[in-house]
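Small disclaimer: the values here were computed from a predicted structure and weren't measured. Reckoned from all heavy atoms, side chains included, excluding hydrogens, waters and symmetry mates.
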Amino acid sequence: EAEMQNGQRSVALLLAERGGTVDTADALVKLALERNPLLLGQQQAVQAGLAQVKEAAANGSPSVALNARVSVAEGGRTFEIPTGDVLNPVYRNLEALNQRQGIPVSYPTLQNQPLSLLRPREQDTRVVLTAPLYAPTLEPRVKAAGAAAVAASAGMEAVARHLVRDVKVAWHGMHQALAQKQVFQASEALLTENLRVYQVLLEEGKVTRDAVLRAEAELLAVQQAVAEAQFQADNAARRLNVLTARPLDTEIRIQLEPAVSATTAGAQVGSAVSMQDFQLPPELRQVLAGVQARKSLEEAARKNFQPTVGLAVEAGYQGTDYSTGSGTGVAIASVVLNWRFSDGGLRDAQLGAAMAARRQLELQEEEAKAQLEGILRGAGERLSLSLQQVRNAQARQRASEEAFRIASLKRDAGALTQLEYFDAQRVLTDSRSAAVTAQAQLNVAIAEFELAKSAYPLPAQWLQLKEESVKK
């Protein structure tokens, strides 16, 4: 018994002192929130959503552009001015009249004048201002983009909260495995000594061969349990390294904490239950924001049947060169009305698609509410059950420790068989292992309940955005 307790203390001190820094669950949670690629990817999705809000809002602002064109043309359509056809007959008549009067006057013969519709060289440079005066679809599209950004941020919060839960579950899994390994190693030391004693007794003829074989079998079983516990600890460590985006072989140092009493375990559960008031899980808030976005898109599809009015103002210079003299300036101001009366059913189809998408998310909202309510209830029930398991496991451990103490005294007095002693020792090891498992399951249940209540105090950067901040 004393050897087993000394083994527990030595392992804890070794893990705490080797290398100095101890990786606590909270420290690994913080590291995961800073480095996990899945969470960082969700953060970029939120940034993209905010950029789309700005893009949608910018569609309602005036835009100014500089348009410049330089053209060189040859050939093309021409228009002929009939100056010769009109004036030459008049000139001939005048010449005939003058000759009758003896006046020698000669008039020129004119040719028709060709006029090219394309200038051989032309430039057109102007500044263009356009602005929407009446755009009924603009506001609902901005609202839809804002709701989509809020939904993306709710999804980011959901990923962050699940990441916190996963890190805690992996950390407690590693802690459980190391604690069980510690229990089995203490038992291994005791069984190794027992095997040595029985081998000596066999040589002295005081016990039979089956006693030594039984001791060997018990020792091999515990050694296998030690190996399995180490395997579970290594798996949990690799999981933690994946969640924190570190190389798989990065060493994780955990200080084994002493087993808590049933009273302390009850206090842990009470603290979990009394966490901040219940708020809607981010998964449900994501669906609700998605529904709002779909409603806004549906509104935009309805308003797409209305006309739009825009303003266009242009001012600049045009001509054969870039001179700015008289007659080269141009200015145009226009108010443009656009009202489509028929589009082959395009807008009707868009409205139908928007309505169907909105109804689809409303159905998902109903399902999500039912599922999340079940998750919360299940987490609360599991929490209560885990607390009861801790109390029962600790009661069995106390009973097995007392039974083993008595069995040790009887064995020393020669009043207990070797089989009965091994049974008492195995029951003690199993009860201690069960107590470690029960404590780990309670810690996991607390993490699950914390997730169900969305109660873990996340940094502000991982929380869902408020609609007011999105508008800003």
Test log, rule side chain to side chain contact (heavy atoms under 4.5 Å, CB included), inputs L163 and L243: CA-CA 8 Å; L163 178 61; L243 294 173; 3.9 Å; yes

Consider side-chain contact (heavy atoms from CB on, under 4.5 Å). Of L451, L33, V159, which one does V164 pass it with? L33

With respect to F404, which candidate in L409, L190, T429 satisfies the side-chain contact (heavy atoms from CB on, under 4.5 Å) definition? L190

Would you give the length of the straight line joining atom CD of Q461 to atom CG of L39, rounded to the nearest 0.5 angstrom? 8.0 Å

Rounded distance [0.5 Å steps], OG in S386 versus CZ in F449: 12.0 Å

Around atom CZ of R294, are there more than 12 heavy atoms from other residues, nucleotides or ligands closer than 6.0 Å? no

D423 and R214 ion-paired at < 4.0 Å: yes

Run the salt bridge (Lys or Arg N to Asp or Glu O under 4.0 Å) check on D166 and R239 step by step: do they pass? CA-CA 9 Å; D166 292 344; R239 175 63 175 162; 3.8 Å; yes

Without hydrogens or angle criteria, can the side chains of N241 and R246 be said to hold a donor-acceptor pair below 3.5 Å? yes

Looking at A211 and Y198, what are the two nearest heavy atoms and their distance? CB-CD2, 4.1 Å

If you define the side chain from C-beta out and look only at heavy atoms, does anything of P136 sit under 4.5 Å from T308? yes

Check whether any side-chain heavy atom of P62 sits under 4.5 Å from a side-chain heavy atom of T130, and report yes or no. no

S153 side chain vs Q464 backbone, donor-acceptor pair below 3.5 Å: no

With a 4.5 Å limit on heavy-atom distance, are the side chains of L442 and Q389 in contact? no

Would you say L465 and L50 make side-chain contact, with heavy atoms under 4.5 Å? yes

Greater than 12 external heavy atoms within 6.0 Å of K410's NZ: no

Distance from T125 atom OG1 to L66 atom CG, nearest 0.5 Å? 7.0 Å

Before accepting this row, confirm whether a basic side-chain N of the pair E218/R426 lies closer than 4.0 Å to the acidic partner's carboxylate O. yes

One pair to check against side chain to side chain contact (heavy atoms under 4.5 Å, CB included): S187 and Q425. What are the steps and the verdict? CA-CA 8 Å; S187 179; Q425 193 276 333; 2.4 Å; yes

Under the side chain to side chain donor-acceptor pair (under 3.5 Å) criterion, do Q47 and Q43 qualify, and how do the steps go? CA-CA 6 Å; Q47 295 301 319; Q43 188 181 42; over 6 Å; no

State, with a plain yes or no, whether a side-chain heavy atom of T244 is found less than 4.5 Å away from one of N36. no

Write out all pairs satisfying side-chain hydrogen bond (donor to acceptor under 3.5 Å, both in side chains) with one or both partners inside residues 353-366, taking only residues at least two apart or from two chains. E298-R358, R358-E362, R359-E362, E365-K369

On a heavy-atom basis, the closest approach of N304 and R340 is ND2-NH2, 3.6 Å

Establish, from distance only, whether the side-chain atoms of E228 and Q232 form a donor-acceptor pair under 3.5 Å. no

Measure from the side-chain N and O atoms of R165 to the backbone N and O of V444, and report whether any donor-acceptor pair falls under 3.5 Å. no

So, does W339 use its side chain to make a donor-acceptor pair with the main chain of F305 at under 3.5 Å? yes

Side-chain donor or acceptor of D26 paired with backbone N/O of K30 under 3.5 Å: no

Main chain of D23, side chain of W171: is a donor-acceptor contact present, judged purely on distance under 3.5 Å? yes

Within a 6.0 Å radius of atom CG on D412, are there more than 12 heavy atoms belonging to other residues, nucleotides or ligands? yes

Are R161 and E157 within salt-bridge range, i.e. N to O under 4.0 Å? yes

Find the distance between CG (L38) and NE2 (H162) and round it off to the nearest 0.5 Å. 11.0 Å

Heavy atoms, side chains only, cut-off 4.5 Å: are L288 and L280 in contact? yes

Considering all heavy atoms, the nearest V53-A149 contact: CG2-CB, 4.1 Å

Within-4.5 Å side-chain heavy-atom neighbours: R238 and V242: no

Going through the distances and angles, do E299 and K303 end up as a salt bridge (Lys or Arg N to Asp or Glu O under 4.0 Å)? CA-CA 6 Å; E299 180 184 358; K303 290 186 175 182; 3.2 Å; yes

As a quick check of understanding, evaluate side chain to side chain contact (heavy atoms under 4.5 Å, CB included) for H175 and L256, giving each step before the final call. CA-CA 7 Å; H175 186 280; L256 295 183; 3.9 Å; yes

Do Q199 and E203 have side-chain N/O donor and acceptor atoms under 3.5 Å apart? no

If you look at every heavy atom in A452 and L376, which pair is closest and at what distance? CB-CD1, 3.8 Å

Taking 4.0 angstrom as the limit, do R253 and E251 come out as a salt bridge? yes

For Y134 and Q306, does a side-chain donor sit closer than 3.5 Å to a side-chain acceptor? yes

Taking the side chain as every heavy atom from C-beta outward, state whether L138 and N59 have any atom pair closer than 4.5 Å. yes

For the residue pair S400 and S431, what are the closest heavy atoms and their distance? OG-OG, 2.5 Å

Looking at every heavy atom in both L178 and A233, which two are closest together, and how far apart are they? CD2-CB, 3.8 Å

Show the numbers, then the answer: is there a salt bridge (Lys or Arg N to Asp or Glu O under 4.0 Å) between E450 and K168? CA-CA 11 Å; E450 189 178 66; K168 288 188 173 184; 2.8 Å; yes

Begin with the C-alpha distance, continue with both residues' side-chain angles, and end with the deciding distance and a verdict on side chain to side chain contact (heavy atoms under 4.5 Å, CB included) for L195 and V212. CA-CA 6 Å; L195 176 60; V212 176; 4.0 Å; yes

Check whether the side chains of Q230 and D234 place a donor and an acceptor atom closer than 3.5 Å, and report yes or no. yes

